[in-house]
There are 2 protein chains.
Amino acid sequence: MLPTEKIIHFLQQKVEVTTEEAAVFGEAFQAKIFRKKQLAIQPTFTAKYRYYVVKGALRSFIMDHKGEENTIALAIEDWWITDYNSYIYQQPATLFVEAISNSTVLQLSYENEQKLKAANPKFETFFRIIAERGLASQQRRLIANLTQSAEERYENFAKLYPQFVNEIPQYIIASYLGMSTEFLSKILNHKLNCKS
Amino acid sequence: MLPTEKIIHFLQQKVEVTTEEAAVFGEAFQAKIFRKKQLAIQPTFTAKYRYYVVKGALRSFIMDHKGEENTIALAIEDWWITDYNSYIYQQPATLFVEAISNSTVLQLSYENEQKLKAANPKFETFFRIIAERGLASQQRRLIANLTQSAEERYENFAKLYPQFVNEIPQYIIASYLGMSTEFLSKILNHKLNCKS
DNA sequence: GCTAAAAAATGAACTAGCTTAAGAAATAAA
DNA sequence: TTTATTTCTTAAGCTAGTTCATTTTTTAGC
């Protein structure tokens with residue numbers, strides 16, 4: 001499936017649109033390839049785009065005062081990613097957005113998004129829906145972080161996103177789950193020993 | 001200012017509307033009073049409403065397996081609160097939403113919200129904007145939780161929301177910041193000693 | 001297939017923050 | 001004013017998770 005076909009398909013799952021409307025929507029996006037470790041967004045620069053992942057995986061992370069990377073979000077096929085604080089308010093970013101593996105994305109510029117929303121209320125509805133779902137999913141993540149132990153967080157993550165477990169480096173998963181690499185390693189190997 | 005005037009004012013800050021449109025919007029809401037500790041939303045029941053706080057303060061929290069309350073969100077004048085996972089998908093709630101002090105809110109039912117959005121794209125835009133802002137603010141919170149120590153989290157919270165510090169019980173702040181009451185107490189008193 | 005680099009594992013020493021428990025203060029109720 | 005309830009403080013012991021230093025394994029480039 002072509003990138004543009006993919007996003008049109010995604011759009012159609014959320015709102016009902018005519019063929020012409022779908023075409024207008026698709027034309028607002030631009031296909032782009034990021035190689036592993038390449039940065040899409042960097043702190044101090046304003047996030048000009050939001051990204052829809054066609055293939056591969058990206059993540060956003062913040063670097064703390066100790067130089068540690070804290071993964072804020074992960075995105076695979078059919079997910080969206082950007083630094084929302086930067087993109088929405090068009091202010092300098094605080095996050096990095098980086099390709100975890102070689103990836104194909106569709107980028108939507110802030111200006112194009114405004115044009116889409118102004119042109120057709122259906123697109124406004126679309127962006128409202130994805131923002132709301134993002135909000136709900138962030139709420140779930142916050143709850144997990146506040147209420148579960150490191151081991152429980154990993155267990156649930158692995159159950160919820162099995163596709164990540166084998167496809168992305170462990171140190172990224174650890175940082176997404178808010179624990180050190182070493183500790184995640186300990187959890188994993190401890191589990192193996194106890195099972196056998 | 002009357003409750004309905006307040007929310008119309010809030011609406012006008014986000015989107016341009018005519019007097020009639022504003023009136024239609026205001027009519028979708030219903031004023032309601034919650035007394036301190038009263039519950040607006042409870043687990044297992046579906047969240048029928050989202051709440052706009054006119055006066056007072058509310059919070060949402062989840063109870064973990066140990067019976068500890070983990071505060072997910074706080075809301076004061078001009079803020080919104082609900083269990084988004086429950087409200088958006090109309091599924092059973094997992095959170096409590098409780099009044100911290102005697103409060104006046106405007107409640108918007110799920111049905112009324114759908115009607116508003118269907119009736120006028122400007123309302124669709126309005127809800128898109130508040131969802132996006134919620135998303136950005138959740139992102140900020142997640143970053144704070146992942147990158148800062150308990151003491152730093154409190155420092156920043158106090159700077160960002162001074163109005164909360166004296167107005168809501170310490171144990172709620174502690175649970176919002178993801179630490180025990182005792183530990184927050186230690187931080188506060190330790191700070192006093194070091195300053196003098 | 002070899003080499004260099006990146007990622008994962010291991011273990012020991014350490015610490016931030018939690019738990020428990022008991023008392024003091026503050027607030028509300030009567 | 002007294003009593004009851006809720007909130008806050010203090011301190012000691014504990015544990016989940018970190019840090020650091022080293023080794024092993026995997027991956028990627030040539």
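Atom P of nucleotide D:dA28 and atom NZ of A:Lys37 are separated by 11 Å, given to the nearest angstrom. In this structure, A:Ile168 atom CD1 and C:dA6 atom P are separated by 19 Å, rounded to whole Å. For the pair A:Ile100 CD1 and D:dT27 P, the computed distance is 16 Å after rounding to whole Å. In this structure, CD1 of A:Ile187 is placed 14 Å from P of C:dA8, rounded to the nearest angstrom. Computed from coordinates, the A:Asp64 CG to D:dT18 P distance equals 12 Å when rounded to whole Å. In this structure, CG of A:Leu177 is placed 12 Å from P of D:dG17, rounded to the nearest angstrom. Rounding to whole angstrom units, CG of residue A:Asn70 and P of D:dT18 are separated by 11 Å.
Taking the charged nitrogens against the carboxylate oxygens, B:Arg59 and B:Glu98 do have a contact shorter than 4.0 Å, which makes a salt bridge. Under the 4.0 Å criterion applied to side-chain N and carboxylate O atoms, B:Arg50 and B:Glu113 are assigned as salt-bridge partners.
Side chain to side chain, A:Gln148 and A:Asn156 meet the donor-acceptor criterion of an N or O pair below 3.5 Å. B:Glu124 and A:Thr125 form a side-chain donor-acceptor contact under 3.5 Å, judged by distance and modelled atom types alone. Of the N and O atoms on the side chains of A:Asp78 and A:Tyr52, at least one donor lies less than 3.5 Å from an acceptor on the other residue.
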What one-letter contact string describes nucleotides 9-21 of chain C from 5' to 3', where B marks a base within less than 4.0 Å of any protein heavy atom, S marks contact via sugar-phosphate atoms alone, and - marks no contact? BB------BBBBB
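Aromatic ring centres of B:Tyr49 and B:Tyr87 lie farther apart than the 6.0 Å criterion allows.
Taking the screw axis at each terminus of the helix from C:dG1-D:dC30 to C:dA30-D:dT1 from five consecutive base pairs, the angle between the two is 60° to within rounding of 10 degrees.
B:Lys36 comes within 4.0 angstrom of no nucleic acid atom, judged by non-hydrogen atoms across all strands.
If you take CD on B:Glu69 and CG on A:Leu146, they are separated by 13.0 Å, rounding to the nearest 0.5 Å.
A:Tyr161 and A:Trp79 have perpendicular rings, their planes meeting at more than 60° on a 0 to 90° scale where under 30° would count as parallel.
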